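Working notes, beginning with the structure itself.
As the structure is a prediction and not an experimental result, all values here were calculated from the model. We number each residue from 1, following the sequence as shown. Both backbone and side-chain heavy atoms feed into the values below; hydrogens, waters and symmetry mates do not.
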Amino acid sequence: MARIGEVQAPAATRDALARGRLRASLVPDLLVEARRIVNTVIAGWHGRRKRGIGENFWQFRPYVEGDSSRIDWRRSARDDHTYVRDREWEAAHTVWLWADPSPSMLYKSTGAGVSKQSRALVLTLAMAELLSRSGERIAWPGLTDPFTARNGAERIAAQLMHAGEMPAKPDLSDIRRFCDIVIASDFLDPVEETMAWLDVLARHGVRAHLIEVADPAEETFPYAGRTEFTDPETGDKLTAGRAEVLADEYRLLYTARRQELASWCKRLGWSFTVNHTDRLASDALVRLHMAMTADGGHAGLTSGHAGLTSGHAGPSATPGMIAGDNQPDIAAGGGKPDITAGGGKPDITAGGGKPGKTAA
């Protein structure tokens with residue numbers, strides 16, 4: 001059986017220091033890639049379009065008595081009316097950014113262009129670049145305090161390069177109302193654990209934007225024959241004599257997990273986007289921009305920007321189904337698999353799940 005995929009730099013999966021060094025080696029190239037992507041979408045990125053304090057021109061409008069705005073005499077000289085010059089309102093608010101550093105994010109199948117970790121870092125660094133250019137405050141939980149700088153992406157990249165061991169999930173309790181947070185992860189932990197972790201954001205009135213980074217092999221489950229599934233975080237293994245018999249149940253559990261998380265986000269007024277590592281990163285960036293600038297502000301997003309992205313989501317799950325209900329405990333389903341497959345001897349690495357856990 002041909003190689004399907006592998007965990008990048010497997011020696012680093014259980015060594016926090018080695019993972020940190022691997023991340024540091026990736027960041028410079030990823031920063032370049034992030035800036036390249038930003039340059040393809042920057043034309044559509046704009047501030048909150050209304051009159052107020054700012055540097056950019058907004059409009060000319062007729063002067064009215066008592067108006068505190070400064071008269072634009074050059075424009076007024078063109079006809080018999082008096083005009084004032086308005087600027088576009090630009091009020092910076094804080095956007096927190098976070099990319100999942102867990103070992104499962106190192107997975108890359110042969111059908112994918114990059115690992116999940118690389119894609120998540122590119123997306124968050126690209127957002128840092130876009131937001132910095134727009135004058136917004138940005139921050140990385142557990143790494144930086146909120147700051148404003150034109151080179152925000154570069155500053156965050158430098159912090160990531162020198163960061164030591166990073167927690168699997170940072171403390172989000174210090175993020176307060178009227179902030180946004182962008183979270184890029186595979187979200188393969190049980191849905192209940194993910195919801196419990198993010199619940200503090202909902203209670204604080206924070207608007208969250210979740211980007212699920214998915215490898216195509218994790219959705220399609222292209223494994224057959226004798227397959228050994230290995231958890232990239234614990235090293236636990238499970239051998240399936242005929243992996244193909246698990247495919248249907250795995251896909252159902254995988255999609256049900258995503259559906260439940262997307263529905264929960266929609267109820268909270270958050271956005272949920274799926275980005276596959278065999279697709280363009282700019283796709284997710286454009287959808288994220290639409291979600292962050294949608295009408296309704298922190299009260300919620302328009303329905304067109306919440307939920308799964310069309311054309312990129314996996315197979316549909318039964319509406320209302322809770323992942324894991326009355327389903328067998330499938331090691332490959334929903335975890336974070338690093339999978340080796342082969343005849344009698346496991347010699348081919350593939351990927352996708354946490355042994356001993358369902359896709360919930």
Would you please say whether a donor-acceptor pair under 3.5 Å links the side chains of Asp189 and Thr194?
no
Side chains of His204 and Arg177, donor plus acceptor under 3.5 Å
no
Within the distance-only criterion (no hydrogens, no angle test), does the side chain of Ser115 pair as donor or acceptor with the backbone N or O of Ser118 below 3.5 angstrom?
yes
Tell me whether the guanidinium CZ or amine NZ of Arg251 lies under 6.0 angstrom from the six-membered ring centre of Phe221 and within 45° of its axis.
no
Might you work through the side chain to side chain contact (heavy atoms under 4.5 Å, CB included) test for Glu219 and His276, ending with a clear yes or no?
CA-CA 10 Å; Glu219 287 191 351; His276 296 82; 2.8 Å; yes
Salt-bridge criterion met for Glu192 and Arg257 (N-O under 4.0 Å):
no
Side-chain heavy atoms of Thr273 within contact of His209, under 4.5 Å:
no
Can you tell me how far CG of Leu131 sits from OG1 of Thr124, rounded to the nearest 0.5 angstrom?
11.0 Å
Could you give the distance from CG (Asn275) to CZ (Arg279), rounded to the nearest 0.5 Å?
9.0 Å
Tell me whether Leu280 is reachable from Ile211 by hopping between hydrophobic residues (I, L, V, M, F, W, Y) whose side-chain heavy atoms are closer than 4.5 Å.
no
Ring-plane angle category for Phe187 and Phe272, please: parallel below 30°, perpendicular beyond 60°, tilted otherwise.
tilted
Once rounded to the nearest 0.5 Å, what's the spacing between atom OG of Ser109 and atom CG of Asp278?
7.5 Å
Stepwise side chain to side chain contact (heavy atoms under 4.5 Å, CB included) check, Asp248 with Tyr250
CA-CA 5 Å; Asp248 289 342; Tyr250 169 88; over 6 Å; no
Could you tell me if the side chain of Ile183 sits less than 4.5 Å from the side chain of Trp96, heavy atoms only?
no
Closest approach of Ala217 to Tyr107 (non-hydrogen atoms, all atoms of both residues):
CB-OH, 3.8 Å
When you measure from the side chain of Ser76 to the backbone of Tyr83, do you find a donor-acceptor pair of N or O atoms at a distance under 3.5 Å?
yes
Would a 4.5 Å heavy-atom cut-off, applied to side chains only, mark Ser132 and Arg150 as touching?
no
Cluster overlap Val114 with Val274, hydrophobic side-chain contacts below 4.5 Å
no
Value for CZ (Arg119) from CG (Leu121), rounded to nearest 0.5 Å, stands at 11.5 Å
Can you find a pair of side-chain heavy atoms, one from Tyr254 and one from Leu188, that are under 4.5 Å apart?
yes
Within 45 degrees of the ring normal and closer than 6.0 Å to the centroid, is that where the cationic atom of Arg137 sits relative to Phe147?
no
Do the side chains of Ile175 and Ile181 get nearer than 4.5 Å, heavy atoms only?
yes
Quick check: does any side chain N or O of Arg155 sit under 3.5 Å from a backbone N or O of Thr144, one acting as donor and the other as acceptor?
no
Is any side-chain heavy atom of Leu160 closer than 4.5 Å to a side-chain heavy atom of Leu143?
yes
Going through the distances and angles, do Leu261 and Leu210 end up as a side chain to side chain contact (heavy atoms under 4.5 Å, CB included)?
CA-CA 10 Å; Leu261 187 57; Leu210 275 57; 4.3 Å; yes
Quick one, Met292 and Val95 - any side-chain contact, counting heavy atoms below 4.5 Å?
yes
Closest approach of Asp215 to Ala112 (non-hydrogen atoms, all atoms of both residues):
OD2-CB, 3.4 Å
Heavy-atom count check: over 12 atoms from other residues, nucleotides or ligands less than 6.0 Å from Arg242 CZ?
no
Minimal heavy-atom distance between Glu212 and Asp186, with the atoms involved, is CG-O, 3.7 Å
Salt bridge check, Lys116 against Glu218: does any charged N sit closer than 4.0 Å to a carboxylate O?
yes
SG of Cys265 to CE of Met195: how many Å apart, nearest 0.5 Å?
7.5 Å
Do you know the tightest heavy-atom contact between Pro167 and Pro101?
O-CG, 3.7 Å
For Arg203, look at atom CZ and say whether over 12 heavy atoms of other residues, nucleotides or ligands are found less than 6.0 Å away.
yes
Hey, could you give me the CH2/OG distance between Trp197 and Ser185, rounded to the nearest 0.5 Å?
6.5 Å
Between Asp100 and Lys169, does a salt bridge (charged side-chain N to carboxylate O under 4.0 Å, His left out) hold up when you go through it step by step?
CA-CA 8 Å; Asp100 189 349; Lys169 289 185 174 67; over 6 Å; no
How close do Gly113 and Lys108 get, counting heavy atoms only, and between which atoms?
O-CE, 3.5 Å
Using a strict threshold of under 4.0 Å (side-chain N to carboxylate O), is an ion pair present between Asp231 and Lys237?
no
Distance-only, no hydrogens or angles: does the Thr220 side chain make a donor-acceptor pair with backbone N or O of Pro216 under 3.5 Å?
yes
Is there a side chain to side chain contact (heavy atoms under 4.5 Å, CB included) between Glu136 and Thr94 once you walk through the steps?
CA-CA 6 Å; Glu136 305 284 6; Thr94 301; over 6 Å; no
Count the heavy atoms of every other residue, nucleotide or ligand shown that sit under 6.0 Å from CG of Asp79, and state whether that count exceeds 12.
yes
Please find the pair of heavy atoms, one from Ala168 and one from Trp98, that lie closest to each other, and give the distance.
O-CZ2, 3.2 Å
Does the side chain of Glu193 reach to within under 4.5 Å of the side chain of Pro190, using non-hydrogen atoms?
yes
